[in-house]
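All remarks here apply to the structure that follows.
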Amino acid sequence: MSLLGLCPNNSSSPLFSFFSNSHLRLPVPRLSNRCCLSGAKGSVFTAQLGYKSDSQSEFQPKDLMAGEKEISGIYRNPYPPIEPYSTGFLKVSDLHTIYWEQSGNPTGHPVVFLHGGPGGGTAPGNRRFFDPDFYRIILFDQRGAGKSTPHACLEDNTTWNLIDDIEKLREHLEIPEWQVFGGSWGSTLALAYSQSHPEKVTGLVLRGIFLLRKKEIDWFYEGGAAAIYPDAWESFRDLIPESERGCFVDAYSKRLNSKDMETQYAAARAWTKWEMMTAHLLPNEENIKRGEDDNFSLAFARIENHYFVNKGFFPSDSFLLDNIDKIRHINAVIVQGRYDVCCPMMSAWDLHKVWPEAELKIISDAGHSANEPGIAAELVAANEKLKNILQKNGP
């Protein structure tokens, strides 16, 4: 499989992918009055024109961002863990069947969660970004990921297939329109879906922006991020012989599609561990261990690499930016960690420049993961803001 132009001329050229929204491990008490939390340390930079960790860190009110007057009265703690009230499998093609679940309020406003990777799958903690009394929370595993079958399958697995699947799921659940939430690759898919079906989207929450451009892939997989994580990079680099290091994405593609399963697993572990080691501002050992899970890492690495080799199946490098006019009218919040190494802030900033109507939140003490306290707080707050708009506007 060729790289189709994604490789740089040399391995040192300076965003990439996603880190999966693995579940929120940090216990957070729910505030009975949902009051706003203030007087916290840290800071959030807000850019708005037009409208509108580490496992050693307890995610307590003192960890929430401060210095943001406009968000007084907005609830910002992740909600307590909940269980689905319904689950199922939807056959979306002759080959693929996707897992879906619903939690929260069965008669609430629908919101669909788009996981990262691609290939990362969903986790129970993904439900905690949403008020379960207000939202009907829909999670699903994209083709080949999580509980969807066949596992780690690349056949008939493209961005446009996933967009069709989202529509099939919406129709299956008899939902006329819904809010869309996505981080990392999930932000890519959320933008692509919304641009394809803007009339079905009531609002957008995007995190860790990934536009799947060549410079983003080059940054993370061809040596750019190695300048920050040279220790983690060595294991990723050393799996590939020097003669093939002109393009790591292509070299890994060869191994992830090998007929020998042990070769696939070795490449998948190295690929996944590289991303897991760079996803948090502070090292997260539990997250890093996910790279040792062959079942998870095989789907994660194979599907990610497949999409990157094929440029996300987009017709041009700037496709998502070029089509912003289709969704300019949709209320949206962008949450971005200042020190995101997986999906550096340049992409969130580029998106902000062409879409100033969307609110941009830059978290000054965070990396890529949705589970870092500052990012998690702003994701909850973003959903609360869209909830308030929906309540104000009425049915």
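Basis for what follows: all heavy atoms, side chains included, without hydrogens, waters or symmetry-related copies.
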Please evaluate residues R255 and E244 with respect to the criterion salt bridge (charged side-chain N to carboxylate O under 4.0 Å, His left out), reporting the C-alpha separation (whole Å), side-chain torsions for both, the decisive distance (0.1 Å), and the verdict. CA-CA 12 Å; R255 288 155 180 81; E244 295 183 58; 2.8 Å; yes
For F296, does the six-membered ring have the charged nitrogen or CZ of R290 within the cation-pi criterion, i.e. under 6.0 angstrom from the centroid and within 45° of the normal? yes
Point-to-point distance, once rounded to the nearest 0.5 Å, from CG of L239 to CZ of F248: 10.0 Å
Donor on one side chain, acceptor on other, E234 and Y229, under 3.5 Å: no
Indicate whether any N or O donor in one side chain lies under 3.5 Å from an N or O acceptor in the other, for Q142 and W185. yes
Are the side chains of R143 and V92 in contact, using a 4.5 Å heavy-atom criterion? yes
Between the side chain of S347 and the main-chain N/O of F210, is any donor-acceptor distance below 3.5 Å? no
Answer yes if the side chains of N257 and Q264 hold a donor-acceptor pair under 3.5 Å, and no otherwise. no
Report the C-alpha distance between D133 and K387 in whole Å, list the side-chain angles of each, state the deciding distance to 0.1 Å, and finish with yes or no for salt bridge (charged side-chain N to carboxylate O under 4.0 Å, His left out). CA-CA 11 Å; D133 294 332; K387 177 181 81 174; over 6 Å; no
Might you confirm whether atom CD of E242 has over 12 heavy atoms from other residues, nucleotides or ligands at distances under 6.0 Å? no
Can Y99 and E101 be counted as having a side-chain donor-acceptor contact under 3.5 angstrom? yes
ring-ring contact (aromatic ring centres under 6.0 Å, His included) against Y252, all qualifying residues, sequence neighbours excluded: F236, W271
E372 (side chain) donor-acceptor with G367 (main chain) under 3.5 angstrom: yes
Does K289 have more than 12 heavy atoms from other residues, nucleotides or ligands lying within 6.0 Å of its NZ? no
Compare all side-chain heavy atoms of E292 with those of T272 and state whether any distance is below 4.5 angstrom. no
Side chains of H109 and T202: is there a donor and an acceptor less than 3.5 Å apart? yes
Can you give me the closest heavy-atom contact between H197 and E167, atom names plus distance? NE2-CG, 3.4 Å
Identify, with sequence neighbours excluded, every residue that meets ring-ring contact (aromatic ring centres under 6.0 Å, His included) alongside W100. H172
Does a salt bridge link R245 with D238, judged by any charged N lying under 4.0 Å from a carboxylate O? yes
Transitive ILVMFWY cluster of L281 at side-chain heavy atoms under 4.5 Å: who else is in it? Y339
Do H151 and N295 have side-chain N/O donor and acceptor atoms under 3.5 Å apart? yes
Using a distance-only test with no angle check, is there a side-chain donor-acceptor pair under 3.5 angstrom linking T122 and N126? no
Strictly distance-based, threshold 3.5 Å: is any side-chain N or O of T263 a donor or acceptor partner for the main-chain N or O of S258? no
Between the side chains of K385 and N388, is a donor N or O closer than 3.5 angstrom to an acceptor N or O? no
Are the charged groups of K311 and D317 less than 4.0 angstrom apart, N to O? no
Check: N161/T158 side-chain N/O donor and acceptor closer than 3.5 Å: yes
Passes side chain to side chain contact (heavy atoms under 4.5 Å, CB included), T188 versus L211? Steps please. CA-CA 6 Å; T188 319; L211 303 174; over 6 Å; no
Is a salt bridge present between K200 and E177, judged by a nitrogen-to-oxygen distance below 4.0 Å? no
Using a strict 4.0 Å threshold on nitrogen-to-oxygen distance, state whether K353 and D350 make a salt bridge. no
